[in-house]
Amino acid sequence: MAGLTRRQFGLFTGASAAALTLPTYLRAQDKPRVVVIGGGAGGATAARYIAKDSDGAINVTLIDDSEMFTTCFFSNLYVGGFRSFESITHSYDTLQSSYGITKVTGRATGVDRAAKTVTMADGSTIPYDRLVVSPGIDLIWDSVEGYSEELSQTAPHAWKAGEQTKILKAGVDAIENGQQILMVAPPNPYRCPPGPYERASMMAHVLKSKGLTDAKIIILDPKPKFSKQGVFQEGWEKHYPGMIEWYGPDVHGGIESIDVKAGTVETGLDTFKGAFMNVIPAQKAGAIASAAGLTNDSGFCPIDPTSMRSTMDEAIFVIGDACIAGDMPKSGFSANSQAKVAAMNVRADLVGSKVFPAKFANTCWSLIDTDDSIKVGAQYAPGDGKIASTQGFISQMNEEDALRKANFEESVGWYAGITADMFG
Ligand SMILES: Cc1cc2nc3c(=O)[nH]c(=O)nc-3n(C[C@H](O)[C@H](O)[C@H](O)COP(=O)(O)OP(=O)(O)OC[C@H]3O[C@@H](n4cnc5c(N)ncnc54)[C@H](O)[C@@H]3O)c2cc1C
């Protein structure tokens with residue numbers, strides 16, 4: 001007991017003043033426990049930083065429902081033929097062998113916040129002193145009338161990477177000249193604001209590369225505008241004239257329903273027909289976040305912007321797409337940045353390490369065509385009760401080819417860097 005700081009002692013006594021003996025896990029191994037739910041951009045980074053920077057003083061368990069993780073970032077480049085599926089798929093082996101992290105493959109179904117345990121689908125429980133929740137998003141299937149999880153096998157969303165991404169690529173690869181792909185874009189807030197428009201670019205790249213310039217991609221958007229719109233549309237005009245058509249609600253009159261079998265989207269003003277559909281529904285925090293009582297009416301999780309600590313429970317941190325991150329977009333870069341702030345605060349709670357002021361960063365690159373990449377990004381800090389943007393940048397129209405090529409090279413370097421930062 002003499003080794004515990006006053007802060008740590010407070011942690012363990014707070015739960016039960018009557019319990020005069022140490023909690024079982026302390027007696028057993030004398031180490032505080034962190035459990036991380038979700039082994040993606042946020043969770044893998046948090047697990048790695050907590051394990052690495054505490055140098056074995058904290059037991060870290062990482063729960064993810066898959067053996068391997070396929071990144072959504074660069075999944076559009078896989079669709080476009082710029083990356084292999086293997087190159088965007090990563091293993092958790094190094095996190096286990098080099099950082100001593102225990103990887104549990106399975107689905108977390110509940111969190112008992114009073115007992116501080118995570119319940120798994122097989123009924124087992126995993127105790128924690130601090131919990132990091134980074135489950136990403138879930139899709140709100142009925143936000144698009146006529147769509148369902150079952151129909152996503154034919155009309156993929158591919159907004160979670162893996163099998164869905166392969167179905168999407170196969171559908172795009174099967175398009176013939178004169179046919180149309182219909183994309184239903186998601187409403188705000190959703191993961192990766194420029195993602196649908198980079199995806200349309202990559203689809204057009206595939207079609208153009210095969211000489212199918214009479215094929216089209218129609219984007220039906222519930223939003224009146226989208227991220228990097230001017231530069232995207234300039235790029236589409238330059239590389240894919242007449243091949244990508246974007247319609248906002250003032251043109252289509254509102255997306256009313258879809259019929260996947262018939263290949264149609266019914267809108268307020270028209271019926272659109274396509275040979276293949278990519279339907280990206282509205283989104284909410286991954287189900288475990290609401291099961292744990294960490295969400296508010298928005299479907300996402302409020303956090304303290306100085307630490308990423310849940311405002312609902314001080315033993316829990318929520319990072320990545322599941323949290324309400326103020327001005328930060330839902331991106332892998334953001335999740336990775338938030339994870340480091342959470343990891344620092346988790347270590348401070350458990351082993352008394354120093355806390356520095358929170359700082360965050362994000363850049364989202366989007367590839368329009370070979371060597372033509374655009375970007376948007378910003379620095380962020382806590383301010384006005386949220387994570388607030390402090391300075392930002394965005395690609396401009398009419399930029400030099402060399403600058404766009406440099407952007408692409410930068411994005412390739414970023415991908416290598418972030419995946420090493422996540423998986424070791
Ligand atoms: C097409 C596309 C392109 C993108 N491009 C970029 C880009 O270029 N740059 C960028 O920065 N971001 C990009 N993103 C966004 C990025 O992928 C996400 O913002 C990021 O992955 C969020 O990280 P996360 O940790 O919140 O969630 P994820 O990375 O999705 O990780 C969550 C993990 O938790 C698992 N999980 C969830 N619930 C449970 C549970 N109950 N039990 C066990 N496991 C669970 C999930 O299966 C998943 O493995 C893109 C997204 C898409 C869809």
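As a basis for the values below, the full set of heavy atoms in this structure was taken, side chains included, without hydrogen atoms, waters or symmetry mates. In what follows, residues are counted from 1 in the order of the sequence shown. First listed ligand is number 1; within each ligand, the first listed atom is number 1.
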Give yes if a backbone or side-chain nitrogen or oxygen of Gly42 is under 3.5 Å from a nitrogen or oxygen of ligand 1, and no if not.
yes
Any nitrogen or oxygen of Asp64, main chain or side chain, under 3.5 Å from a nitrogen or oxygen of ligand 1?
yes
Among Cys72, Pro329, Ala41, which one has a heavy atom closest to atom 17 (O) of ligand 1?
Cys72
Are the charged groups of Asp129 and Lys116 less than 4.0 angstrom apart, N to O?
no
Could you check whether Lys375 makes a cation-pi contact with Phe408, meaning its NZ or CZ is under 6.0 Å from the centre of the six-membered ring and within 45° of the ring axis?
no
Test of proximity, Ala108 against ligand 1: N or O pairs below 3.5 Å
yes
For Tyr415 and ligand 1, answer yes if some heavy atom of the residue is under 4.0 Å from a ligand atom, otherwise no.
no
Report yes or no: does a heavy atom of Ser66 sit under 4.0 Å from some atom of ligand 1?
no
Check if Gly286 has a non-hydrogen atom at a distance under 4.0 Å from any atom of ligand 1.
no
Asp138 with Arg191: basic N within carboxylate O range, under 4.0 Å
no
Atoms of ligand 1 close to Gly136 [distance to a heavy atom under 4.0 angstrom, numbered from 1]:
26 (O), 27 (O), 32 (C)
Just need the protein heavy atom nearest to atom 37 (C) of ligand 1, so name the residue and atom and give the distance.
Pro135 O, 3.2 Å
is_close_aromatic(Phe226, Trp246), centroid dist under 6.0 Å:
yes
Polar contact flag for Cys364 and ligand 1 (N/O pairs, less than 3.5 Å):
no
Just let me know how Asn362 lines up against ligand 1, side chain, backbone, both or neither, with a heavy-atom cut-off below 4.0 Å.
neither
Contact between ligand 1 and Gly195 is defined here as a heavy atom of the residue under 4.0 Å from a ligand atom; is it met?
no
Answer yes when Lys405 and Glu409 have at least one side-chain N-carboxylate O distance shorter than 4.0 Å, and no when they do not.
yes
Examine Trp414 together with Phe73 and report whether their ring centres are nearer than 6.0 Å.
yes
Is Cys192 close to ligand 1, meaning an N/O of one under 3.5 Å from an N/O of the other?
no
Salt bridge or not between Asp304 and Arg309? Use side-chain N to carboxylate O under 4.0 Å.
no
Can Arg404 and Glu234 be counted as an ion pair, charged N to O under 4.0 angstrom?
yes
Nearest heavy atom to atom 43 (C) of ligand 1 wins, so pick from Gly106, Gly110, Gly38.
Gly106
Contact partition for Arg107 relative to ligand 1, non-hydrogen atoms under 4.0 Å:
both
I'd like to check whether Ala335 has a polar contact with ligand 1, where a contact means an N/O of the residue lying under 3.5 Å from an N/O of the ligand.
no
Please list, in number order, the atoms of ligand 1 under 4.0 Å from a heavy atom of Gly320.
26 (O)
Indicate yes or no: does Lys238 engage Asp369 in a salt bridge with an N to O separation below 4.0 Å.
no
Should Asp384 and Lys386 count as an ion pair when the cut-off is N to O under 4.0 Å?
no
What distance do Phe333 atom CZ and Ile418 atom CD1 have between them, rounded to the nearest 0.5 Å?
7.0 Å
Purely on distance, is any nitrogen or oxygen of Glu198 under 3.5 Å from one on ligand 1?
no
Ligand 1 to Asp65 polar contact by distance, N or O atoms, under 3.5 Å
yes
Element-labelled atoms of ligand 1 that are located less than 4.0 Å from some non-hydrogen atom of Ser75
1 (C)
For Asn362 and Ser331, test the side chains for any donor-to-acceptor distance below 3.5 angstrom and give the result as yes or no.
yes
Would you say Arg191 has any N or O atom under 3.5 Å from an N or O of ligand 1, going by distance alone?
yes
